[in-house]
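Here's the structure we're looking at; comments come further down.
Lettering follows sequence order; numbering is per chain, from 1. These numbers come from the heavy atoms of this one structure, side chains and all, not from hydrogens, waters or symmetry mates. Note that the structure is predicted; figures quoted are calculated from it, not measured.
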Amino acid sequence: MRTSWADSVANAENSAFATGASASTNNAANTNTSAAVVAAAPRPDRAAYVPPHLRNRAPAVVEAPVPSPINGPSAAKLPSGLRAPSGGTRPGGGPVRDMGRPGFGGSRGGGSWGSRSGGWDRREREVNPFTNDEETTDAAFDGQENTGINFDAYEDIPVETSGENVPPPVSTFAEIDLGDAVNENIRRCKYVKPTPVQRHAIPILVAGRDLMACAQTGSGKTAAFCFPIISGIMRGPPSHRQRGSRTVYPSALILSPTRELSIQIHEEARKFSYQAGVRVVVAYGGAPINQQLRELERGVDILVATPGRLVDLLERARVSLQNIRYLALDEADRMLDMGFEPQIRKIVEQMDMPTRGQRQTMLFSATFPREIQRLASDFLFNYIFLAVGRVGSSTDLIVQRVEFVLESDKRSHLMDLLHAQRVNGTSAKQALTLVFVETKKGADSLEHWLCMNGFPATTIHGDRTQQEREQALRSFKSGATPILVATDVAARGLDIPHVAHVVNFDLPNDIDDYVHRIGRTGRAGKSGLATAFFNENNSSLSRSLAELMQEANQEVPQWLSRYAAARSHGGGGGRNRRSGPRFGGRDFRRDSSNRSGAGDYFGGGSGYGGGAYGASPGYGGGAYGNPGLTSAWD
DNA sequence: AAAAAAT
C-alpha cells in the first residue's frame, strides 16, 4: 500500500484536489431543501428570544412542570438496553440526572419530539447554517463530513470502555431518539452512519453518564457530544431567565483552547441545532465583546467559549453558569494542562456552576496523559472512559516520514518538498501544506521567506490580530495561499479539509503535540502525508516518535531507532511518563499504581453506593493495549 | 522554552 514518498505526495494531492480544492469546505447539506423549509415557515412577528420551555406552546399557556417520575431522562425512549443505568447513582443515592430536576424528563405531555416544531417560533429568522459557505457545490461537498469517511477502515477499530454499566453502542443514528429536528440535521449533514466514537459516546451521553473520551479529531467527536446536548436541551426543563436582568443562563457550556476551534465548534453546533429551537452562541477573545453581548442577550442555550472571554463575561455578570446541565471540554487534556488548568478550575469549581453529578460532564481529546486524567477526574462523576483505538486502521491513512535536517538546511529542504509537490501534482496548484514551527517569530520569518521565494504563504499565531488569524485560515482553506505556517495554535482540532501535507519544520517537544499536529491531515478517512524535520535538538522526542511510528506501521529510519535506543539505556533513561506509543487509550483508573487511591479518582470516593471499581466486570480483562500506555488517539 | 487564553 505504501509507496514512494513522491507517490505519497501525489496521492495526497489527488485526494485533496479530486473534490475541488479551492471550494470551501465545512458546509454541509442541501441548500434547496433547507430553503424550501424556510420559505414554507410562517412569518415571525418579532425576533424576541423564546426560551426552550415556551417554544412549543401556545403563547398564553404555560404549564407548570411536572416532576419527573423515577427513571432517567429518556428511559422511555431508549431501547431496553439503554435504560438509565443503575451505576448512575449519586452520593445521595437517588437516580442521577433527574433528581432535583423538576420536569427533566417525561413532563412534556408524552415528550413527543414533534411537538416542538409547532406554535410561535422564530425559526425562519434563523440563518440557514447549511448555506453559509460561498462556493458550495456538490463536488466540493462530497467527501466532506461522514460521506467521505472510510468506514471500512473503521470496521476493525479497537474500542475500550471502562466504568460501571456502560450502555452498549448503537450502529445507526435511528437507534437513538434524538428528535425530529436533530434527525433532520443529520440528514442535511449527509451523515449516513455514526462514526465509531459516535456509536459509543452517544448512547453513553444520552443515558446521562459522564464521559472521558479519547477519539481522534476528524472522526466526528463534535457531533458525538453536540447531538446528546441538543436533544437533551430540547426535552429538558425550563431555562428560566430573570426579567430585567442582563444575565443569561445557558444550559450547556462547551470550552475549547483556541478561538478558531471555538468558532468551528459553533459553526458545527449551529448546523446540528438548526430549527431545533436551541440557540448556540460563541464568545472568544480578540474580537469586539459588544457583538457577542448582543448575541447573548438574544438568548443562549449552548455557549461555546474560550476560557478567558468566558471569565470576563462571568465577572461582568453577563453570564451565569447556575443552569448548566452539560459541560463539554474539547481538547480536554490541553484545557487541563499547566497553562489552562487554573482558569478551568475557576470556571468549573469557583463560579456558580452545578457540581459534578448535578451536571453532565464530557471530556474529549485525541490524547489523554495519565496525570491529566487524574486532574480531570475532579470534574467527573462516576464516569465512563472510552477509547476508540486505531491499530492498523484509520490513522494508517497518514503516511509519516522523518528526515534528518540540520537547522541550517531546513529552509532549502522545505523548498525542495514544496517544489516536488508542484512538479508531481496533477494540479498546477500547490497542494495545501501546513507547516508547523516552534515560535511566533519563526512563523513570521518563514512566511516572509516563502513569499520572497515565490511560494504564496500566510501564517497563523498568537501575535497576529484575530482578524489576521481568521483571514489566514480562510485564505489557506480557499487555496489562495496554499501554504500556512503555524504555531501550535493550529495544532488541535481545526478541521481544514484537503490538507495534503503537514510539515513539522520544528518538531514539538511533546509527542502528544505531534499527534495533534499530524492529525490536521488525513482527516475523515482521507489519506495524508506528514513530514518531520529531525535533528539533534529533537533527540528527546526520538524514542516516543519512533515508537509512535512503529505503532502506526510506518517506516522508522534506522538512524532514528539508533537515537531512540541511545536514549533508552542512557542513565536514568526509561520511558517518558507522558510518552510511549499510543493505541487505544487507557483508563488511568485501571493502572494498578492508582488502585490504592481509587477513591480519589472518581467522584469523591466513599459517598456513592456503587461497587468499587475494581469489582466492576469490565476491569482487568481484555485490554488490547500495552500496560504502559498513557494516552491515545482515536 | 514556547504557545495559548481577557482588556
Side-chain angles (χ1 to χ4, degrees), chain A residues 217 253-266 281-293 295-296 303-319 321 329-348 350-351 365-367 369 372 407 434-447 459-470 472-473 484-494 504-517 520 533 535-541 576 578:
Chain A
T217 44
L253 176 63
I254 301 172
L255 291 172
S256 93
T258 66
R259 298 163 182 173
E260 286 76 14
L261 186 51
S262 281
I263 292 168
Q264 177 182 302
I265 294 166
H266 173 242
V281 176
V282 66
Y284 55 89
I289 201 170
N290 281 334
Q291 195 180 336
Q292 293 173 8
L293 288 173
E295 284 297 313
L296 286 170
L303 177 58
V304 183
T306 49
R309 178 55 60 89
L310 175 62
V311 168
D312 190 4
L313 293 168
L314 292 168
E315 285 171 351
R316 295 174 189 226
R318 298 298 296 261
V319 171
L321 301 178
L329 301 191
D330 203 2
E331 307 299 338
D333 60 332
R334 167 63 87 220
M335 303 300 282
L336 292 170
D337 80 7
M338 288 200 316
F340 269 122
E341 197 223 350
Q343 255 181 322
I344 301 302
R345 234 173 240 290
K346 174 171 184 174
I347 292 166
V348 177
Q350 288 152 40
M351 306 303 290
S365 182
T367 55
I372 302 286
E407 288 297 328
L434 182 50
V435 182
F436 282 104
V437 297
E438 189 72 10
T439 67
K440 294 178 279 198
K441 283 180 69 171
D444 280 335
S445 95
L446 182 57
E447 178 219 14
T459 182
I460 183 167
H461 60 69
D463 274 354
R464 304 201 81 193
T465 67
Q466 191 55 30
Q467 269 198 333
E468 289 171 329
R469 287 165 56 158
E470 288 173 39
L473 211 44
L484 179 65
V485 183
T487 60
D488 267 332
V489 69
R492 283 171 172 262
L494 292 187
N504 274 289
F505 189 90
D506 302 318
L507 273 165
N509 296 313
D510 186 326
I511 191 66
D512 286 345
D513 293 333
Y514 173 85
V515 167
H516 285 273
R517 285 178 177 188
R520 295 319 99 209
F533 295 175
N535 61 39
E536 301 278 353
N537 299 334
N538 310 113
S539 55
S540 67
L541 196 70
N576 180 340
R578 268 189 69 114

Please report, rounded to the nearest Å, how far the C1' atom of dA2(B) is from the CZ atom of Phe340(A).
-> 13 Å

Select base, sugar-phosphate, or nothing to describe what Asp488(A) touches, counting heavy atoms under 4.0 Å on all strands.
-> nothing

Side-chain donor-acceptor pair present, His461(A), Asp444(A), cut-off under 3.5 Å | yes

Counting any heavy atom closer than 4.0 Å, what does Arg316(A) reach on the DNA or RNA strands: base, sugar-phosphate only, or nothing?
-> nothing

Taken to the nearest whole Å, CZ/Arg345(A) to P/dA5(B) is 22 Å

Is any NZ, NE, NH1 or NH2 atom of the basic residue among Arg517(A) and Asp488(A) found under 4.0 Å from an Asp or Glu carboxylate oxygen of the other?
-> yes

Asp463(A) CG - dA4(B) C1' separation (whole Å) | 11 Å

What integer distance in Å separates Glu341(A):CD from dA5(B):P?
-> 19 Å

Considering only side-chain heavy atoms of Thr439(A), which listed nucleotide, dA5(B), dA3(B), dA6(B), is closest?
-> dA3(B)

Rounded to whole Å, CZ of Arg259(A) lies from P of dA4(B) at a distance of 9 Å

Is there a donor on the side chain of Asn509(A) or the base of dA2(B) sitting less than 3.5 Å from an acceptor on the other?
-> no

For dA4(B), take OP1 and OP2 only and decide whether either is under 4.0 Å from a side-chain N or O of Thr487(A).
-> yes

Return yes if some donor-acceptor pair links the side-chain N/O of Arg469(A) with the main-chain N/O of Gly462(A) below 3.5 Å, else return no.
-> no

Separation of dA1(B) C1' from Asn537(A) CG (nearest whole Å) = 12 Å

For residues Glu260(A) and Gln264(A), is any side-chain donor paired with an opposing acceptor at under 3.5 Å?
-> no

Test log, rule salt bridge (charged side-chain N to carboxylate O under 4.0 Å, His left out), inputs Asp513(A) and Arg334(A) = CA-CA 10 Å; Asp513(A) 293 333; Arg334(A) 167 63 87 220; 3.5 Å; yes

Rounded distance (Å) that lies between atom C1' of dA6(B) and atom CD1 of Ile347(A) | 11 Å

Heavy atoms under 4.0 Å, any strand shown: does Gly462(A) hit a base, just sugar-phosphate, or nothing?
-> sugar-phosphate

To the nearest Å, how far apart are Glu315(A) CD and dA5(B) P?
-> 18 Å

Kindly say if Lys440(A) contacts the phosphate of dA4(B), meaning a side-chain N or O under 4.0 Å from OP1 or OP2.
-> yes

